[in-house]
Amino acid sequence: METIKKNKFPIVSIVAVSKDFIIGDGNKMLWHLPNDLKRLKSITFGNPLIMGRKTFDSIGKPLPGRANIILTNKKNLKDDIQLEKFFVQSFEDAVIKANNWIIKKFKKNEHSAKRIFIFGGGEIYKLALSFCSQIELTMVDINLKNGVTFPSIDENEWGKKILKKVEGNDSYPSHSFWLYNRRVIRL
Ligand SMILES: NC(=O)c1ccc[n+]([C@@H]2O[C@H](COP(=O)([O-])OP(=O)(O)OC[C@H]3O[C@@H](n4cnc5c(N)ncnc54)[C@H](OP(=O)(O)O)[C@@H]3O)[C@@H](O)[C@H]2O)c1
């Protein structure tokens, strides 16, 4: 597992949270932000996604143009190479699959732009956050008390900057896009 911290490709969580860091109700997301979905697609397109089986089931189909690497303990689920849907049984295998997918699919000069995205949900963010060097975070300006949560972000370990703020309207709440970078600790 330690080698994952020095992985060839950066590992990045991508998530939308409420003010209380709630991400969903266990089955689905709790808001619909067309803006955020467009942004999610443009950031992740051409990169591998690592997600939990529950998140995959809630999306319902593999997302095109990306490797869909799904963590599960179930042993009978079948890959679909055409649709780039792959099942793995450990986080380590998920990262290996993501690395190999990039190396096989893209030329060497394209590798520097590639990132491996942690796509949720709660269990997988918890498993993966210590291996992430960045978090692409959408903060949705709503209060929710109950639900699946994103793990707490220690502000001593992370620097954050706001990228954009979007005012809400009748169809969706205000939200903002943030980039968190893990601070480099010099000994
Ligand atoms: N707001 C956001 O940005 C965002 C993003 C993604 C998801 N979500 C929300 O998050 C919620 C789902 O999150 P969740 O925590 O309930 O589930 P999850 O993390 O999506 O999936 C959990 C499943 O992953 C598998 N798994 C977990 N750890 C594993 C390990 N170490 N090895 C092998 N398999 C492992 C297990 O699958 P098996 O049961 O098959 O063994 C487990 O049941 C939904 O409400 C969804 O809408 C929100």
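Numbering of ligands and ligand atoms starts at 1, following listing order.
- Between the CG atom in Asn35 and the OG1 atom in Thr138 there is a gap of 9.0 Å [rounded to 0.5 Å].
- Taking the six-membered ring for Trp and the full ring otherwise, the centers of Phe131 and Phe91 sit less than 6.0 Å from each other.
- At the top of the distance list for atom 44 (C) of ligand 1, counting protein heavy atoms only, stands Gly26 C, 3.7 Å.
- For the pair Arg39 and Phe177, the cation-pi test (distance below 6.0 Å, angle within 45°) is passed.
- The contact set between ligand 1 and Gly24, taken as ligand atoms under 4.0 Å from a residue heavy atom, comprises 45 (O).
- Distances from atom 16 (O) of ligand 1 to the heavy atoms of Lys54, Lys28, Gln89, Lys75 put Lys54 nearest.
- At the shortest separation from atom 25 (C) of ligand 1 among protein heavy atoms lies Leu71 O, 3.2 Å.
- Distance CG/Leu33 to CG/Leu40: 11.0 Å, rounded to 0.5 Å.
- Arg183 places a side-chain N or O within donor-acceptor distance of the main-chain N or O of Glu155, the cut-off being under 3.5 Å.
- Ranking the protein heavy atoms by distance from atom 18 (P) of ligand 1 puts Gly121 N, 3.6 Å first.
- Annotation: atom 31 (N) of ligand 1 to nearest protein heavy atom, Leu127 CD2, 3.9 Å.
- At a 4.0 Å cut-off, not a single heavy atom of Phe91 sits close enough to ligand 1 to count as contact.
- At under 3.5 Å, a nitrogen or oxygen of Thr55, whether backbone or side chain, sits near a nitrogen or oxygen of ligand 1.
- The distance criterion of under 3.5 Å between nitrogen or oxygen atoms is met by Asn27 with respect to ligand 1.
- Residue Gly120 approaches ligand 1 through these ligand atoms, each under 4.0 Å from one of its heavy atoms: 6 (C).
- Aromatic rings from Phe106 and Trp101 are positioned such that their centres are separated by under 6.0 Å.
- Closest heavy-atom approach to atom 42 (C) of ligand 1 among the candidates Arg53, Lys126, Lys74, Glu123: Glu123.
- Between Glu92 and Lys97, no side-chain nitrogen of the basic residue sits less than 4.0 Å from a carboxylate oxygen of the acidic one, so the salt-bridge criterion is not met.
- For ligand 1, the atoms sitting less than 4.0 Å from at least one non-hydrogen atom of Gly122 are 13 (O), 14 (P), 15 (O), 19 (O), numbered in the order shown with element in parentheses.
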What verdict does the side-chain hydrogen bond (donor to acceptor under 3.5 Å, both in side chains) test give for Arg66 and Thr44, after you've listed the backbone C-alpha separation in whole Å, the side-chain angles of each residue and the deciding distance to 0.1 Å?
CA-CA 7 Å; Arg66 289 149 277 189; Thr44 59; 3.1 Å; yes
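- Below 3.5 Å of separation, one finds no N or O of Ile14 facing any N or O of ligand 1.
- Neither the backbone nor the side chain of Val88 comes within contact range of ligand 1; no heavy atom lies under 4.0 Å.
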Please walk me through it: do Asn68 and Glu84 pass side-chain hydrogen bond (donor to acceptor under 3.5 Å, both in side chains)?
CA-CA 6 Å; Asn68 294 253; Glu84 310 206 272; over 6 Å; no
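- A donor-acceptor distance shorter than 3.5 angstrom exists from the side chain of Ser174 to the backbone of Gly168, with no hydrogens or angles considered.
- Atom 4 (C) of ligand 1 has as its closest protein heavy atom Met29 SD, 3.5 Å.
- Counting only heavy atoms of the protein, atom 3 (O) of ligand 1 lies nearest to Ala16 N, 2.8 Å.
- If you number the atoms of ligand 1 from 1 as listed, the ones under 4.0 Å from a heavy atom of Phe119 come out as 5 (C), 6 (C).
- A donor-acceptor contact shorter than 3.5 Å links the side chain of Asp20 to the backbone of Leu144.
- Atom 41 (O) of ligand 1 has its nearest heavy-atom neighbour, among Ile22, Asn73, Leu30, Ile23, in Asn73.
- Residue, atom and distance of the protein heavy atom nearest to atom 5 (C) of ligand 1 are Tyr125 OH, 3.3 Å.
- Aromatic pair His111/Phe9: centroids less than 6.0 angstrom apart.
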